[in-house]
Amino acid sequence: MVNKTNPENPIPENPIIKNATCTFCGCVCDDVDLTVDTEAKRIIKAKGACAIGKAWFLEHGVEDRPQALIDGCHASMDEAVEEASQILANAHYPLIYGLSDTTTEAQRQVVGIADIIGGTIDTTSSVCHGPSGMAFQGVGESTATLGEIKNRADLVIFWGANPAESHPRHFARYSVTPKGRDIPNRKKDRTIVMVDVRRTPSTKASDIFLQVKHGSDFEVLWTLRALVRGRKVDPAIEARCGVPLAELEDLAERMKKCRYGVMFFGMGLTMTRGRHFNTSALMSLGTDLNKHTHFVVIAMRGHGNVTGADSVLSWQTGYPFGVNFSLGYPRFNPGEFTSVDLLSRGEADAAMIVASDPASNMPKAAIERLQNIPVIALDPKTTATTKLARVSFTTAPYGISTGGTVYRMDNVPIPLRKALDSPFPSDETVIRAIRKRVTELTADREPITGDLSAKVPA
Amino acid sequence: MVLDLKLRTQLDIPLEAGIISPDRLAGLTESEIARVPLIHGNRKKSLGDFFDISGTCDGEIRLVGDFTKVKSVGSGMTGGRIIIEGNSGMHLGCAMSGGEIAVEGDAGDWTGAEMSGGRIVIKGNAGHMVGGAYRGGHMGLQGGEIIVHGNTGNEAGNSMRNGLIVIMGNSGDFTGANMFSGTIIVFGELGIRTGASMKRGSIISMRHADLLPTFTYSCFYHPSFLRLYLRRLRDMGISIDDAQIEGGYHRWCGDSMELNRGEVLLFSGSPGS
Ligand code: SF4
């Protein structure tokens with residue numbers, strides 16, 4: 001079939017984009033074949049994607065939304081860029097937040113803006129895997145790529161994670177059922193362990209399930225560390241953790257005896273009481289186990305490119321999230337410069353939200369602050385955040401209408417393939433424009449550098 | 001003479017005010033002090049923009065107003081005195097090595113973080129990380145005393161290397177986590193996971209507490225060093241029971257994930273039991 005409107009230059013009517021990349025979850029599957037209906041400007045088939053991945057591709061058509069809104073009124077791109085830049089340049093304690101659902105190319109431009117305006121930049125990591133970042137800094141991690149795990153790991157542990165619902169193809173592509181080089185008999189050659197506070201749809205994939213008491217992950221991990229080191233532990237631990245000591249001893253033995261072990265951990269560990277101590281305990285256990293065998297840990301990162309956001313922030317500022325530039329150099333202090341804290345304390349006086357919807361998932365005090373300060377929002381869709389924003393831009397959805405790079409949860413960068421043309425600019429285009437204008441507006445601001453001791457200016 | 005700084009405005013955006021310290025302001029005239037630079041959000045301002053200034057500093061500074069959003073007061077100070085008639089903000093007295101800070105109200109997070117000498121007394125509650133180490137830092141409190149009359153948040157004394165932290169109220173979780181040495185005394189309830197990863201040092205609690213599985217019971221005894229500490233606290237005006245001074249303590253040692261040379265002492269109630 002040919003394109004009837006332009007017989008000179010025939011293009012297939014329903015083109016198929018091979019090996020497109022799904023950015024819906026941290027698996028970042030790059031083997032999806034998309035069929036595009038060019039007339040309806042929609043993706044009509046996403047072969048190979050899981051149910052939620054399919055929904056992600058199929059629901060993103062080209063929407064009938066204004067390019068930009070200022071105070072709810074239609075505005076041109078230039079007007080909106082000007083307004084946004086003025087807000088950022090005039091703010092004394094601006095916050096930039098989000099970044100998990102956009103390309104790495106856009107993320108690095110945003111870091112530049114934070115630096116120029118002397119603001120705080122924070123990613124959605126601060127409300128999901130921030131404690132993992134703190135543990136990397138505190139105790140370090142031994143890690144691997146998912147490909148290596150597929151080929152080698154014979155003991156696979158999931159801790160506080162529910163991939164069957166959050167990362168549906170994880171089991172099939174990497175961790176449970178695929179054939180690996182050293183794992184020829186698929187699931188038969190692997191032992192799957194789940195540790196969680198309740199049964200989830202993932203539980204049935206496990207060979208061993210440890211149901212621990214709510215809020216006892218740290219004690220369980222600490223017990224395992226002690227057992228791995230050959231220390232005796234009081235059986236009374238069962239009362240605290242809900243798991244008999246014998247089961248923990250069995251798991252510790254399996255951990256020591258496996259050829260190659262991996263612990264995947266999710267928000268059941270990072271966002272419960274103990275937070276960064278929980279993740280530090282898990283990573284320390286991983287390190288301890290390397291005295292006996294090979295063991296790695298991997299965070300089950302959620303959103304498509306939240307891993308990229310951490311990587312970009314780390315290589316540009318030295319820190320993965322919650323970075324403040326108000327003194328002219330990057331400072332990292334979770335609790336002080338993390339968005340929920342900054343907003344709840346009523347400190348941020350302007351915010352730019354990139355590809356995220358804090359207005360629908362942050363605590364009440366933080367949302368109230370967002371309602372009372374000028375907010376700039378970039379999003380392909382209308383969200384609670386774009387609704388409360390002073391300036392909102394409609395951008396092209398990444399991985400569907402833009403190319404670029406995203407990082408998989410194991411820090412492997414994966415290119416995106418564009419499937420649909422969009423009338424809207426990419427996040428990167430809008431952010432570059434804002435960055436350019438903000439640079440001009442702040443050009444004559446007195447830099448905060450040098451001596452801040454009590455030398456009195458003459 | 002005492003230097004009086006009265007906060008004139010209601011702050012939303014925090015002030016970076018490490019400059020408010022006797023070391024930095026001593027000997028300056030009122031008009032010079034008014035021109036001393038500090039940072040408001042991301043702009044350079046001066047002290048006079050926010051404070052009514054009266055007097056000069058010959059070692060003592062009195063701060064009046066709600067200092068919750070004024071960060072790093074007394075940071076790095078080596079001597080003199082700061083009195084805050086109200087609440088203080090984050091990083092109060094961080095990295096100080098001498099002198100004294102007294103707060104009438106509550107204190108924020110990182111109070112006395114990484115300090116190495118001097119004394120901080122908080123009449124109200126304090127936040128998280130009292131006397132702790134900054135993220136990525138190696139050591140918390142290295143000397144000096146922090147006395148909190150109310151409660152503290154989590155991680156009091158995180159990675160402390162020396163010195164004394166006294167908490168009259170309750171402490172949060174992970175009290176004394178990673179500590180290398182030094183002493184923490186808690187009169188109220190301890191949070192959970194006390195002393196996780198501690199190497200050496202003493203954590204004393206006047207109430208019962210559940211400890212991590214990596215702590216082992218060692219003995220019941222009457223620690224003589226503790227009598228000295230408690231008597232000294234009594235001399236400072238803190239009310240201490242005779243039973244606590246004379247009484248016996250159960251000693252647990254840990255954390256066996258580290259050196260196992262730390263101890264947690266739990267007061268047993270009566271002298272002989
Ligand atoms: S597993 Fe995740 S990345 Fe893969 S198709 Fe499903 S939603 Fe997309």
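Each chain gets a letter, A, B and so on, in the order its sequence line appears, and its residues count up from 1.
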Counting only non-hydrogen atoms closer than 4.5 Å, does [X] touch chain B with its backbone (N, CA, C, O), its side chain (CB onward), both, or neither?
{"X": "R331(A)", "result": "side chain"}
{"X": "R229(A)", "result": "side chain"}
{"X": "F332(A)", "result": "side chain"}
{"X": "S216(A)", "result": "backbone"}
{"X": "A91(A)", "result": "backbone"}
{"X": "R445(A)", "result": "side chain"}

Heavy-atom pair count under 4.5 Å with chain B, highest-scoring of R240(A), K232(A), H276(A)
H276(A)

Under a 4.5 Å heavy-atom cutoff, which of D349(A), N333(A), D234(A) has the most pairs with chain B?
N333(A)

Counting N and O atoms only, with roles assigned by atom type, does the side chain of [X] sit under 3.5 Å from a partner on the main chain of [Y], one being a donor and the other an acceptor?
{"X": "K69(B)", "Y": "E347(A)", "answer": "no"}
{"X": "R135(B)", "Y": "M134(A)", "answer": "no"}
{"X": "N42(B)", "Y": "I117(A)", "answer": "yes"}

If you compare all heavy atoms of [X] against all heavy atoms of [Y], which two are closest, and at what distance to 0.1 Å?
{"X": "L327(A)", "Y": "E16(B)", "result": "CD2-CG, 3.9 Å"}
{"X": "S326(A)", "Y": "G41(B)", "result": "CB-O, 3.3 Å"}
{"X": "W110(B)", "Y": "P334(A)", "result": "CH2-O, 3.6 Å"}

Determine whether more than 12 heavy atoms belonging to other residues, nucleotides or ligands lie under 6.0 Å from atom [atom1] of [X].
{"X": "E440(A)", "atom1": "CD", "value": "yes"}
{"X": "H292(A)", "atom1": "NE2", "value": "yes"}
{"X": "R261(B)", "atom1": "CZ", "value": "no"}

Side chain to side chain donor-acceptor pair (under 3.5 Å) filter on Y329(A), not counting sequence neighbours, yields none

Test of understanding: with side chain to side chain donor-acceptor pair (under 3.5 Å), list the residues that count as partners of D310(A), not counting sequence neighbours.
S125(A), R301(A)

Flag side-chain contact, heavy atom, 4.5 Å: [X] against [Y]:
{"X": "E336(A)", "Y": "K71(B)", "answer": "yes"}
{"X": "F218(A)", "Y": "I192(B)", "answer": "no"}
{"X": "S197(B)", "Y": "W222(A)", "answer": "yes"}
{"X": "E219(A)", "Y": "L212(B)", "answer": "yes"}

On the 0 to 90° scale, with breaks at 30° and 60°, tag the F174(B)-F277(A) ring pair as parallel, tilted or perpendicular.
parallel

What's the spacing between D341(A) CG and M90(B) CE if we round to 0.5 Å?
7.0 Å

How far does NE2 of H40(B) sit from NE2 of H92(A), to the nearest 0.5 angstrom?
6.5 Å

Can you say whether [X] sits under 4.5 Å from chain A via the side chain, the backbone, both, or neither, judging by heavy atoms?
{"X": "A34(B)", "answer": "neither"}
{"X": "M257(B)", "answer": "both"}
{"X": "N158(B)", "answer": "side chain"}
{"X": "N154(B)", "answer": "neither"}
{"X": "D12(B)", "answer": "both"}

Would you call R273(A) and D173(B) a salt bridge, using N to O less than 4.0 angstrom?
yes

